[in-house]
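Order of the sequence lines sets the chain letters (A, B, ...), proteins ahead of strands, with each chain counted from 1.
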Amino acid sequence: MTATTDTHAAAPHLGTGARARNTWATRTWTRYVVRRLGVFALSLWMLVTFAFAMIHLIPGDPVRAALGVNASPELVAARRAELHLDEPLLSQYVRYLGGLVSGDWGVSLQSRLPVTQVIAERLPNTLLLAGLTFVVTLLIALPIGTGMAVLTQHGRHRLLELGYTGIAMVVSAVPEFLMGVVLVYVFAVRMEVLPIAGNAGPGSVILPVAALSLGSALALSRIVRVELLSVLGRDFVRTARAKRLRPRRVYLRHALPNALTATITLGGLLLSGLIASTVIVESIFAWPGLGPTMVSSIITKDYPLMQAIVLIYGAMVLSINLVVDMVLSVLDPRSTIREA
Amino acid sequence: MTAALDFRDVTVTYGTGAQAVRAVDGVSLQVPAGSVVGLVGESGSGKSTLARAAIGMAPLTGGSITASGRPLPRRGRRPVQMVFQDPVAALDPRMSVRASLTEALGVAGAVPRREREAEVMRLLELVHLDPGLAGRMPAALSGGQRQRVSVARAIAARPEVIIADEITSALDVSVQGAMLNLIRDLRAEMDLSMLFISHNLAVVCYVCDVVAVMYLGKIVEVGPTAQLVADPQHPYTRLLLSTAPRVGASLADSSLPPQVQDTEPADPHAPPTGCRFHPRCPQGPAVVAGREICAQQDPAPGARDRPHQAACWFPGGPVDLPSPRPRDPQPAEAT
Amino acid sequence: MPGSGGAGRRVSDTLRNPLAVAALLAGTLVLGTALLGPVIWGEAAETNDFTSLDQPASAAHPFGTDKLGRDILARVLVAARLSIGLAVAATAIGMVLGVLVGAVASMSGRRLRRFLAMMIGIAVAFPGLLLALFFAVIFGVGPRGAVLALGFAMAPGFARLTQTLAASVTSQDYVSAARALGVSRVRILVRHVLPNLAEPLIVNGTVAAGSALLAFAGLSYLGLGVQPPAYDWGRMLSEGLNSIYTNPSAALGPALAIVVSGLAFNFAGEFAAQTVGGRARVHRKVPAHVPADAGPRLSTSSDDAPGTVLSVRDLTVRIPTADGLIRPVRGVDLDLAPGEAVGVLGESGSGKSLTALAISRLTHDPVRVDAQRLTFDGMDLRGRLGATERTRLGTSLSMVFQDPMSSLNPTMRAGDQLAEVATEHQGSSWRDARARAVERLRAVRMSAAERRSRQLPHELSGGMRQRVMIAMGLMGDPRLIIADEPTTALDVTVQQQVLEVIQSTRERTGAALLLISHDISVVSSICDRVLVMYAGRVVEDLPVADLERARHPYTRALVEAVPTMQTPRDERLSSIPGRPPDPAALPTGCPFAPRCPRADTTCTIEPPLVRYAAGSGAVACHHPVEETS
């Protein structure tokens, strides 16, 4: 009796079991995607509702607060009418939703410009800054994190490890806006090699991007290192070493791909954190993005503009999270099973 | 006589829709007062789910569980106590041995506050632990000692029945024997009723009066230990017996027909039709011609009338193999 | 580890860690300034010196003066109280809110729990600063609004943390046990859940306070936080930045203060986490030349063993730990004839797995392996392995590990994990290597080998995964299979299958087998000979058939401690009192003496030598059990 006939005899039963397992996995993935999209839609709806509710949650009369005590009652009444604040809440909500869909996002109380126009002018600059920062962060973090993990595994090169973690901890503890101040001082005030503020040519993007990416890049590199170190301690790396593969193959083919899941998860969190940090960094560098607009709209109580910017930022963050989760579910199908 | 613990047609389902898994599927099992019943099965057979159902940790989707004839209460003192597999997770790392036992005594309510300290000492001695350990935190105890504290905690609640779920699996070999001795001592001393769950048939047979065998959510055979070992009715029981720990037995003693030699345990999400064991059965349709019924009809409904309540269309000795006695088409109950 | 002593040592260990010292220093400095700053420098900070407005740094004013001529250093020191106080207040609000919501979520029924979990999940997705800006709109501009905004923004994070931690605590058996006892929900929360949450919550709270400080500085900088004439570091920073050309130190002073206090909080959090988790242990370096083992060699058989596939003499493994240098393997001798199957039997901590790893050169720093001889297939494995040795090992030494799930790369197809052996060592193309992998999977009787080879490990069952591991060793021409608990993670019926596959593999290839196991029945079903290990030493070497007539009291007890199908039901199992010795504090004599019923004073003083019996086998015991018993 040969082994081959054995297998054939047993195959039909096994085949059905395994196929069942596979279709079950596919179904789990589809369920996961559908559920994830559902959560996205729900979050978006909640975001819109919160943006709408914001103005109603402010204690007292929001319009009076915005225009000051000296504004004439007529002006206040006119603005209230403009914002439809005198209508029943439900019809205001319906009107708000309708406006969002049809592109009528209201008019800024301060500049009297349509909100959509302000956003169209400002948003591309913010996206440019965030995108560049993300790319630079990854380009710095991945090689440093991988290199440091390989050099310092099993407690080797303890001095290097200490120096690296020390520097990385200090630099990533410096908030982005302070990093901005330091960079402005060194490169714009002392060395005068780069423009201090505004958006005048390609040189002016360097300092804001550096301010945003330095800290997060080092923080991410620490995460990459820790993840890689923990992967290097796992059993399958021992198996790879038992196969006597070259170290390069053990690190790059076996360890690194398995460290990516956590890196992407945390990288996504970092990216949405970056979105928030751009607000302050843009203010420091007078970068013509959405950030300074948001701050001034809060201070001047420019409600329509404020609502729109909150929506935009929120939608950006939600989309980043959605993309990260989708990428993860493709790269690591087990994560969807764990979730479900 | 009412059983200390009585499972009737118990069904536990996890998940919903396409993902639903019937972890326990129509199980009936009695633990008579004063006896130790063993439940043996592989991982995924549903034995631990059944135990969790008895302490209210897994909601029933069908059937009922009673302790000494009464349904399980939803609050207050519970008649079923459990000892868990993992000695590390079984005790709160922030509570001393004394605190853990006192908590159990407090809930039991039968011991007045000022007698509790004496009762803690008595319990520790009962499980062969030095009463001086009462002040220790779990981290300062060995695995065997922690398991003993867990047993003492279960006894402190004065249950009708104790469920022991793989209590020796996580212990070192040299400590396992002592743990099993303890269970036997307790049984002799205090007329303990116990459901003893393990994947190790040898351990179960050593401790228990009655053994139940579980496969993929169903009980396939129940019988008094000696009878079950001497005259197993279900082919799965025979498979377990042939693979059970045995010193000096070589692999060749237990080889199976090649058709089922390398079969895998079935996927609980898609259990096989008919008898769930049929794809792996050495006496099933994969090996013996003309046994299509195994793949088509569930043998469970008529199990009560077969010896050892075997859920098998062809119970009794194996076919085509030298048998110690001629095959009896209808063997008498409990030979 | 006894409670107080352990904690005490953890603290002292932590103090040897430079990070921890930095944390303590920075923390004391920052807290001290916050408490005493306004008392000491309050007056100086308000004194206007109209003769020196907006001056750069000087000896009198180390950070210069502001536009009203006030000393910036003094103002930075005074602002510490407000800056840190507001951050701590916001953190407190966030923590209280978050823990409340998280606790309610974890204690409530299924539906409410899932709903709250989803809400928390959505809220957590938004970065804190963005949430804070959102809440700043509602609560208005100013310190009170900013504190509330930040606190609300931090709450979802704490709620998520509480919920996750509580879920992991409530899934513990001790909570199930408490429920089974009938302990009420509230009591479970108070007695079991919350005490086990306190430590991680405090650690996270410290770190969160640090980021709150930074966020608050950010809000004040934007003009949304502290309003004039009050001042905190953020506002001073924004004022300083306006005059950065004339007086850069006006911005650098508050900037420095923010960084230092942010770091202090981070360090303190890290310090707390390490002390709590006991991770602060320092590794001590192993001295390159350790003096030779003080005890006498156990074995007398140092003769050369020709015709062996594996020959090991005096194998010793040393590991530096916080308790000092331990030696989990102490002078193991071992010879394997070609095709021989030898089992290594021992409990956890006996050193059996480390012996296997040390033989196969798979240990790594800081573990040190020494041996008088370590020869595999005529190759000296001591010292550095060159490319030739690597290839020979890769093709002729096959390893099978305990947990087949974790031992396979989860992101690589099963077939590729086999094929890479051939591409790496035999120069095959991927195409050929893959075909060979499928063929090897068939050899271990894997059904549907072609399709299985394209699947990821998690799509295979436990038994199939272990077959993949065995097939991996078959890619070359194995001379020796080292299997470390290959069936422990498997069900009994599957265990049988895997043992059969190992057996038939041996028969086909003529490879020798070194099987590491704690399970006597597994060892005895497949091996010819057994080595019994205890506390890092081989205490007995005997043929499998003689296991029940073992002469070492430990082997005896081990065989009798576990019931088998042959064990009479009315017989008590033997039990071994006590537990294996702590590797950091080994007894001088026989390591088993404290637990041995046959031990006398000789045993506690003198380590026993291995004695070879008349027939076969050897035992290291002063008073071996004689056959008469």
Side-chain angles (χ1 to χ4, degrees), chain B residues 42-43 52 55-57 75-78 80-82 84 86 89-95 103-104 107 137 139-140 142 144 150 153 157 172-178 180-181 184 199-203 205-206 225 229 239-241 243-251 254-255 261-262 264-265, chain C residues 1-3 6 172-184 191-192 195-196 347-349 445-447 461 463-464 491-497 499-500 503 518-521 524-526 544-545 547-548 557-567 569 572-576 579-580:
Chain B
E42 295 177 288
S43 59
R52 295 180 74 78
I55 58 165
M57 301 288 295
R75 51 180 64 234
R77 193 179 77 89
R78 311 286 174 94
V80 184
Q81 290 301 316
M82 186 148 150
F84 297 88
D86 181 4
L91 299 174
D92 188 330
R94 301 190 172 273
M95 277 168 93
E103 181 179 70
V107 176
M137 299 304 274
S142 73
S150 295
R153 177 178 57 190
D172 251 332
V173 180
S174 62
V175 188
Q176 284 184 16
L180 295 176
N181 285 339
R184 288 167 51 114
H199 68 280
N200 186 329
L201 189 56
V203 166
C205 288
Y206 179 72
T225 307
V229 172
L239 178 65
L240 282 184
L241 278 168
T243 53
R246 205 180 283 266
V247 171
S250 80
L251 275 176
S254 55
S255 36
Q261 194 178 23
D262 291 299
E264 296 285 332
Chain C
M1 197 186 304
Q172 297 280 315
D173 288 343
Y174 59 81
V175 175
S176 303
R179 279 197 197 147
L181 284 170
V183 180
S184 69
R191 281 301 298 267
H192 294 284
N196 284 296
E347 295 180 81
S348 56
R445 302 204 302 259
M446 175 84 105
S447 62
S461 71
M464 290 184 200
D491 274 324
V492 273
T493 54
V494 180
Q495 171 173 323
Q496 188 80 3
Q497 296 172 354
L499 288 176
E500 275 167 13
Q503 183 75 310
H518 71 284
D519 189 334
I520 295 172
S521 59
S524 70
S525 70
I526 194 168
V544 159
L547 260 176
E548 284 180 306
L558 214 51
V559 172
E560 288 164 4
V562 184
T564 64
M565 292 312 290
Q566 296 110 314
T567 310
R569 291 196 63 217
R572 282 182 76 79
L573 298 167
S574 94
S575 66
I576 312 176
R579 45 173 146 168

Checklist entry - Which bit of B/Val173 comes within less than 4.5 Å of chain C, counting heavy atoms only: side chain, backbone, both or neither? => result both
Checklist entry - Relative to chain C, which segment of B/Arg153 carries a heavy atom at a distance below 4.5 Å: side chain, backbone, both, or neither? => result both
Checklist entry - Which is it for B/Thr243 and C/Gln495 under the side-chain hydrogen bond (donor to acceptor under 3.5 Å, both in side chains) test, yes or no, and what are the steps along the way? => result CA-CA 8 Å; B/Thr243 53; C/Gln495 171 173 323; over 6 Å; no
So which of [options] has the biggest tally of heavy-atom pairs under 4.5 Å with chain C?
options	result
B/Asp86, B/Asp172, B/Thr225	B/Asp172
B/Gln81, B/Met82, B/Gln176	B/Gln81
B/Leu91, B/Asn181, B/Leu180	B/Asn181

Checklist entry - If you take all heavy atoms of B/Ala202 and C/Met565, which pair is closest and at what distance? => result CA-SD, 3.6 Å
Checklist outcome for this item: Checked C/Gln497, C/Gln172, C/Arg191 vs chain B; the most non-hydrogen pairs under 4.5 Å come from C/Gln497
Next on the checklist: For the interface with chain B, which of C/Thr567, C/Val175, C/Leu499 has the highest count of heavy-atom pairs at distances below 4.5 Å?
Outcome noted: C/Leu499
Next on the checklist: Is there a side-chain contact between B/Ser150 and C/Tyr174 in this structure, where contact means two heavy atoms from C-beta onward sitting under 4.5 Å apart?
Outcome noted: no
Residue part contacting chain B, namely of [X], when any heavy atom lies under 4.5 Å:
X	value
C/Ala177	both
C/Glu347	both
C/Val492	both

Item to check | Value rounded to 0.5 Å, distance of CZ in C/Arg569 from SG in B/Cys205 | outcome: 7.5 Å
Item to check | Interatomic distance, B/His199 atom NE2 to C/Thr493 atom OG1 [nearest 0.5 angstrom] | outcome: 11.0 Å
Next on the checklist: With side chain to side chain contact (heavy atoms under 4.5 Å, CB included) as the criterion, how do C/Leu181 and B/Arg78 come out once you've worked through the C-alpha distance, each side chain's angles and the decisive distance to 0.1 Å?
Outcome noted: CA-CA 6 Å; C/Leu181 284 170; B/Arg78 311 286 174 94; over 6 Å; no
Checklist entry - Please walk me through it: do B/Tyr206 and C/Thr564 pass side chain to side chain contact (heavy atoms under 4.5 Å, CB included)? => result CA-CA 8 Å; B/Tyr206 179 72; C/Thr564 64; over 6 Å; no
Item to check | Any donor-acceptor pair under 3.5 Å from B/Arg94 side chain to C/His192 backbone | outcome: no
Checklist entry - C/Arg572 side chain to B/Ala178 main-chain N or O, any donor-acceptor pair under 3.5 Å? => result no
